[in-house]
Amino acid sequence: DAAEGWKSVFALPKGASEISCVDGRGRNIYVGTGKGLYRSQDFGRSWRSAFRTFNADKNRVNCVSVSRVDPGKVVIGTDRGVFMSMDSGKRWTDMSANLKMRVRCLALDNGTIFAGGYNGLYSREGESRPWNRLYVVTSGESTGEDNTEEPVEDGDEEPDEERAINGIAIRGGRLYIAVGEKVLCSDDSGRSWNALPPDGISGKVRFILAAGQAYKIYAATEKGVFES
């Protein structure tokens with residue numbers, strides 16, 4: 001109850017410096033940190049480690065998405081790829097394949113996983129299919145579906161925030177992504193893209209939310225939250 005104020009329900013594990021993401025459905029709440037993923041199955045009263053490996057890059061959980069159709073399906077993005085659980089975080093499958101980049105944001109749409117990072121936007125349908133590149137910004141902008149089995153990794157150079165995919169949102173058949181100070185949308189599963197009108201928005205877009213009932217798009221930047 002908001003009238004009762006705030007109370008702490010989760011403390012950072014030893015060695016972790018910040019909480020990077022949170023999501024949940026029903027009783028289950030998931031919190032991503034630099035030391036793995038933690039899960040509560042009782043509305044935050046108790047917590048257990050749900051994902052942790054010996055690889056430090058894989059332990060850094062940058063984003064988590066729980067399916068709205070199947071609450072037991074959970075996907076996380078780490079500094080070294082994507083992992084999926086079909087049983088609420090008890091067992092995990094490495095879905096990375098050739099996608100070894102730092103994953104900054106994720107979205108689930110039925111059986112498709114969308115993953116965004118410094119190298120662009122990628123999608124994968126099922127465990128047996130490769131990742132498809134849907135959008136990438138280079139010295140010349142490149143869009144459209146591109147099946148690739150070549151390794152997708154972050155380069156040694158300093159990450160370029162202007163080219164990073166910072167957010168993914170889905171509403172109906174429309175896909176939205178946040179790139180720099182722009183929000184783009186696609187009505188054909190990422191084969192072509194259009195930019196939403198930029199009038200009124202200020203700052204780099206960090207997160208986006210597609211509100212289904214209100215038919216609104218919300219973009220959070222370092223300067224505020226904006227509505228379209």
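Here, residue 1 is the first one in the sequence, and each next residue gets the next number.
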Test Arg80 against Asp57 for salt bridge (Lys or Arg N to Asp or Glu O under 4.0 Å), laying out the working first.
CA-CA 6 Å; Arg80 199 65 179 171; Asp57 288 341; 5.4 Å; no

For a quick test of reading the model, state the closest non-hydrogen atom pair linking Arg52 to Tyr38 and the distance between them.
NH1-OH, 4.4 Å

I'd like to know if the side chain of Lys100 and the backbone of Ala97 have a donor-acceptor N/O pair within less than 3.5 Å.
yes

Hey, quick one: are Val103 and Leu108 part of the same hydrophobic cluster, counting side-chain heavy atoms closer than 4.5 Å, chains of contacts allowed?
yes

Should Phe83 and Leu37 be marked as a side chain to side chain contact (heavy atoms under 4.5 Å, CB included) after you check the CA-CA gap, both sets of side-chain angles, and the distance that decides it?
CA-CA 11 Å; Phe83 297 82; Leu37 183 76; over 6 Å; no

Between Phe51 and Trp92, is the gap from one ring center to the other below 6.0 Å?
yes

Run the salt bridge (Lys or Arg N to Asp or Glu O under 4.0 Å) test on Arg206 and Glu222 for me, step by step, so that the C-alpha distance in whole Å, both residues' side-chain angles and the decisive distance to 0.1 Å come before the verdict.
CA-CA 7 Å; Arg206 302 298 187 189; Glu222 65 262 11; 3.8 Å; yes

Following the transitive rule for hydrophobic clusters with a side-chain heavy-atom cut-off under 4.5 Å over Ile, Leu, Val, Met, Phe, Trp and Tyr, establish whether Ile76 and Val66 coincide in one cluster.
yes

Measuring from Arg25:CZ to Asp70:CG, what's the distance to the nearest 0.5 Å?
11.0 Å

Give, for atom NZ of Lys216 and atom OG of Ser228, the distance between the pair rounded to the nearest 0.5 Å.
7.5 Å

Which pair of non-hydrogen atoms, one from Thr112 and one from Ser123, has the smallest distance, and what is that distance?
CG2-CB, 4.0 Å

Pairwise distance CD1(Ile208) to OG1(Thr221) - rounded to 0.5 angstrom
13.0 Å

Only residue of Val22, Asp23, Val75 satisfying side-chain contact (heavy atoms from CB on, under 4.5 Å) with Val64 is Asp23

Report the residues that fulfil side-chain contact (heavy atoms from CB on, under 4.5 Å) with Phe43, sequence neighbours left out, ordered by chain and then residue number.
Arg27, Arg45

Got Thr33 and Pro13 here, is their nearest side-chain heavy-atom distance under 4.5 Å?
yes

Looking at Trp47 and Ile29, would you say the former's side chain and the latter's main chain have a donor-acceptor pair under 3.5 Å?
no

Can you tell me how far the OH atom of Tyr122 sits from the CZ atom of Arg133, to the nearest 0.5 Å?
5.5 Å

Can you get from Leu175 to Leu184 by hopping between Ile, Leu, Val, Met, Phe, Trp and Tyr side chains that sit under 4.5 Å apart?
yes

Should Leu99 and Val82 be marked as a side chain to side chain contact (heavy atoms under 4.5 Å, CB included) after you check the CA-CA gap, both sets of side-chain angles, and the distance that decides it?
CA-CA 8 Å; Leu99 195 76; Val82 176; 4.2 Å; yes

Check Arg39 against Ala50 and note the closest heavy-atom contact, atom names and distance.
CB-CB, 3.9 Å

Do the side chains of Val179 and Phe114 join up, straight or via other hydrophobic residues, at under 4.5 Å, putting them in one cluster?
yes

When you look at Ile217 and Arg171, which way does the side chain to side chain contact (heavy atoms under 4.5 Å, CB included) test go after all the steps?
CA-CA 10 Å; Ile217 299 296; Arg171 184 178 64 204; 4.0 Å; yes

Between SG of Cys105 and CG of Asn62, what distance do you get to the nearest 0.5 Å?
10.0 Å

Side chains of Thr53 and Asn55 only: does a donor on one sit below 3.5 Å from an acceptor on the other?
no

Close side-chain approach of Gln41 to Asn28, heavy-atom, < 4.5 Å
yes

Closest non-hydrogen contact found for Ile201 with Glu181 is CG2-O, 4.1 Å

Side-chain donor-acceptor pair present, Asp42, Ser40, cut-off under 3.5 Å
yes

Are any side-chain N or O atoms of Ser20 and backbone N or O atoms of Gly32, one a donor and one an acceptor, separated by less than 3.5 Å?
yes

Verify side chain to side chain contact (heavy atoms under 4.5 Å, CB included) between Leu196 and Tyr176, making sure each step is shown before the conclusion.
CA-CA 10 Å; Leu196 298 187; Tyr176 299 87; 4.3 Å; yes

If you count the non-hydrogen atoms of other residues, nucleotides and ligands that lie under 6.0 Å from CZ in Phe226, is the total more than 12?
yes

Specify the closest pair of heavy atoms between Ser96 and Gly81, including all atoms of both residues, with the distance to one decimal.
OG-CA, 3.2 Å

Using the rule that two of Ile, Leu, Val, Met, Phe, Trp, Tyr join whenever any of their side-chain heavy atoms come within less than 4.5 Å, decide whether Met101 and Ile113 are in one cluster.
yes

By side-chain contact (heavy atoms from CB on, under 4.5 Å), Arg91 pairs with (sequence neighbours left out) Asp87

Just verifying a value: how many Å separate Asn119 CG and Tyr135 OH, rounded to the nearest 0.5 Å?
13.5 Å

Are side-chain heavy atoms of Ile165 and Arg104 found at a separation under 4.5 Å?
no

Restricting to non-hydrogen atoms, name the atom on Pro71 and the atom on Ser88 that form the minimum distance, rounded to 0.1 Å.
O-OG, 4.2 Å

